[in-house]
Amino acid sequence: MAHTDQTDHTMRRVLRREIAGTIGLLTDEHDFRAMRRYRSFTFHDHTAYLHQVEALLRTRAAQGTHTTVALFDPEEYADFCTAAGLEADTSASRARFTAELAAHGPTVPYEGQPLTDLLPALVDEAVRQATWEYTSTLLARLGNCATCGEDLGRAAFTRASGLLRRVLETAPPGSRHLVCSVSGHPEETLVSVLLVDEETDGTPHIDEAEALEFTSVLALGLATHSPGGLVMRISAPGGPDRIHGWSLRGYGLEPLTAAQVFDAYCTDVESGGLISPESNVDYCAPPDLGDDRLPPGHHH
C-alpha cells in the first residue's frame with residue numbers, strides 16, 4: 001500500500017508539470033486598491049503582492065511548469081461576474097475570470113524574466129490588442145463602397161499590407177523600428193509600433209500580432225483619409241542610424257524629404273521649439289516604393 005501511495009504521488013507530481021497555468025496580475029496600485037473591496041482578496045500591499053507573484057512564478061518555473069501572465073482588470077472582472085451570475089467576492093470566480101483571460105485576453109509567457117521587464121511587456125500587449133480590436137471595429141463599420149460594392153475595411157487592410165511589405169522590401173539592411181500614427185477625432189491619436197529584426201540569413205523576423213495591429217492602424221488611416229504618418233528607423237552595425245518618413249496622403253504614402261524628416265524629429269510637439277538632433281543619426285528621404293503606386297481610376 002505504501003508503495004502504491006508513493007507511486008500515485010510521483011505520478012501526480014509528473015502530471016502537474018504537464019498542466020499550463022495562468023496568473024491574473026494586477027499591474028498597478030489603482031487596480032490593486034479596487035480589488036481590496038473584496039474580503040476574499042487578502043493582500044494589503046501592492047509591492048508585497050508583486051514580490052509574492054514573482055516568487056510563485058520562479059517556483060513554478062523551477063518545477064518545469066509553464067505559466068502565462070494575464071492583465072487582470074477589476075472593472076472587466078466585475079462585468080464578467082455580473083454577466084455570468086457569479087459571486088464576485090470569491091477566489092473561484094477570480095480563477096474563472098483568469099481562465100477566460102487565458103483564452104481571449106492579452107497574455108505574456110513567463111520565461112524567467114524579472115517582473116520589472118514582464119510588466120511593461122504585459123501592458124504593451126494589452127494596448128496592442130485593444131488597438132487592434134478598436135481599429136478592426138472601425139474598419140468593419142465602414143461598410144461597402146457605394147461605387148463598386150467592395151468591403152472598404154478589407155480593401156484598406158489589403159492596401160496597407162501591400163504598402164508595409166514594400167516599405168520593408170525596399171529598406172536598407174538592418175533592424176527596423178517602425179511607428180505609424182493616425183489622428184482621428186480631436187485629441188485622439190492611434191499609434192502602433194512594429195519591430196523588425198534581421199535573421200542571420202538576412203530575412204526579416206516579424207511578430208505577427210504586432211504586424212496585424214500595425215497594419216490595421218495604417219489601414220484605418222488610409223480608409224478614412226486621416227492625417228498621419230509612418231516613420232522607420234534602421235539600425236545597422238558599423239554605421240549611423242537612418243530615419244525615413246512618409247505622410248498619409250489619400251490612399252497611399254507620400255515620401256518626406258530629408259529636411260522634412262529632420263524637422264519632424266527635431267521639433268518639440270507641444271512647444272514647437274527646436275530639439276537638438278541625435279548624434280550618429282542620418283535623416284534621409286525614404287527608398288522609392290516603386291510599382292506600389294496605384295494606377296489611375298477608382299480608388300476608395
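The first residue in the sequence is number 1, and the count goes up from there.
- Val231 and Leu220 fall into different hydrophobic clusters, defined by Ile, Leu, Val, Met, Phe, Trp and Tyr side-chain heavy atoms under 4.5 Å apart, directly or through other members.
- By the 30° and 60° cut-offs, the orientation of the rings of Phe41 relative to Phe43 is tilted.
- For the residue pair Glu133 and Gln129, a side-chain donor N or O sits within less than 3.5 Å of a side-chain acceptor on the partner.
- Across all non-hydrogen atoms, the minimal contact from Phe72 to Leu26 is O-CD2, 3.5 Å.
- Residues Leu50 and Thr47 are not in side-chain contact: their nearest non-hydrogen atoms beyond the backbone lie 4.5 Å or more apart.
- Checking side-chain atoms of His44 against main-chain N and O of Thr42 turns up a donor-acceptor pair under 3.5 Å.
- Residues Asp124 and Val193 fail the side-chain proximity criterion, which asks for heavy atoms closer than 4.5 Å.
- Interatomic distance, CZ of Arg154 versus CG of Leu142, reported as 12.0 Å (0.5 Å rounding).
- Rounded to the nearest 0.5 Å, atoms OH (Tyr110) and CZ (Arg58) are 5.5 Å apart.
- With Arg96 contributing its side chain and Leu86 its backbone, the two residues share no donor-acceptor pair below 3.5 Å.
- For the pair Pro114/Glu54, a side-chain contact is recorded, criterion being any heavy-atom separation below 4.5 Å from C-beta on.
- Tyr134 is not listed as a side-chain neighbour of Glu213, based on a closest heavy-atom distance of 4.5 Å or more.
- A donor-acceptor distance shorter than 3.5 angstrom exists from the side chain of Arg176 to the backbone of Leu168, with no hydrogens or angles considered.
- The cluster map of Ile, Leu, Val, Met, Phe, Trp and Tyr, joined by side-chain heavy atoms under 4.5 Å apart, puts Leu230 and Leu289 in the same cluster.
- Clustering ILVMFWY residues whenever any of their side-chain heavy atoms sit less than 4.5 angstrom apart, transitively, puts Leu190 in the very cluster that holds Leu222.
- Cluster annotation: Ile23 and Tyr38 are assigned to the same hydrophobic cluster (Ile/Leu/Val/Met/Phe/Trp/Tyr, side-chain heavy-atom contacts under 4.5 Å, transitive).
- No side-chain heavy atom of Thr67 sits less than 4.5 Å from a side-chain heavy atom of Leu56.
- Rounding to the nearest 0.5 Å gives a distance of 6.5 Å between CG of Leu212 and OG of Ser136.
- Not one N or O on the side chain of His177 forms a donor-acceptor pair closer than 3.5 Å with the backbone of Leu195.
- Rounding to the nearest 0.5 Å gives a distance of 11.0 Å between OG1 of Thr98 and CG of Leu71.
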Test log, rule side chain to side chain contact (heavy atoms under 4.5 Å, CB included), inputs Leu253 and Val167: CA-CA 10 Å; Leu253 296 173; Val167 166; 4.1 Å; yes
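- Across all their heavy atoms, Val217 and Val182 have their closest contact at O-CG2, 3.5 Å.
- Annotation: side chain of Leu194 is not in contact with side chain of Thr215 (no heavy-atom distance under 4.5 Å).
- Formation of a donor-acceptor pair under 3.5 Å by the Tyr251 side chain with backbone atoms of Ala156 is found in this model.
- When side chains are defined from C-beta on, Val261 does not count as touching Cys284, because their heavy atoms never get closer than 4.5 Å.
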All N/O donor-acceptor pairs, side-chain side in residues 99-109, below 3.5 Å, sequence neighbours left out:
none

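- Scanning both residues, Tyr283 and Glu278, for their nearest heavy atoms gives OH-N, 3.3 Å.
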Distance-only donor-acceptor hits, side chain of residues 235-243, under 3.5 Å, sequence neighbours excluded:
| from | atom 1 | to | atom 2 | distance (Å) |
| --- | --- | --- | --- | --- |
| Ser235 | OG | Asp241 | OD1 | 3.1 |
| Ser235 | OG | Asp241 | OD2 | 3.2 |
| Asp241 | OD2 | Arg233 | NE | 2.9 |
| Asp241 | OD2 | Arg233 | NH2 | 3.2 |

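- Across all their heavy atoms, Arg37 and Ala78 have their closest contact at NH2-CB, 4.2 Å.
- When atom types are taken as modelled, the side chain of Thr135 and the backbone of Trp132 share a donor-acceptor pair closer than 3.5 angstrom.
- What you find for Ala171 and Pro287 is that their closest heavy atoms are CA-CG, 4.3 Å.
- At a threshold of 4.5 Å between side-chain heavy atoms, the hydrophobic network of Ile, Leu, Val, Met, Phe, Trp and Tyr places Leu152 and Leu218 in one connected group.
- Closest non-hydrogen pair, Tyr49 versus Gly24, comes out as OH-O, 3.6 Å.
- Between Ser226 and Ser183, the side chains place no donor N or O within less than 3.5 Å of an acceptor N or O (distance only, hydrogens not considered).
- Proximity of Leu164 to Leu178: side-chain heavy atoms (C-beta onward) are separated by under 4.5 Å at one or more points.
- Using a 30° and 60° split on the angle between ring planes, Phe32 and His46 fall in the tilted class, from 30° to 60°.
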Chi angles and distances behind the side chain to side chain contact (heavy atoms under 4.5 Å, CB included) call for Leu119, Leu25: CA-CA 9 Å; Leu119 290 179; Leu25 185 61; 3.2 Å; yes
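- Using the six-membered ring where Trp is involved, Phe97 and Phe80 have ring planes that are tilted, between 30° and 60° apart.
- The distance from the CD atom of Glu111 to the CG atom of Leu57 is 12.0 Å, given to the nearest 0.5 Å.
- Rounding to the nearest 0.5 Å places OG of Ser247 at 4.5 Å from CD of Glu254.
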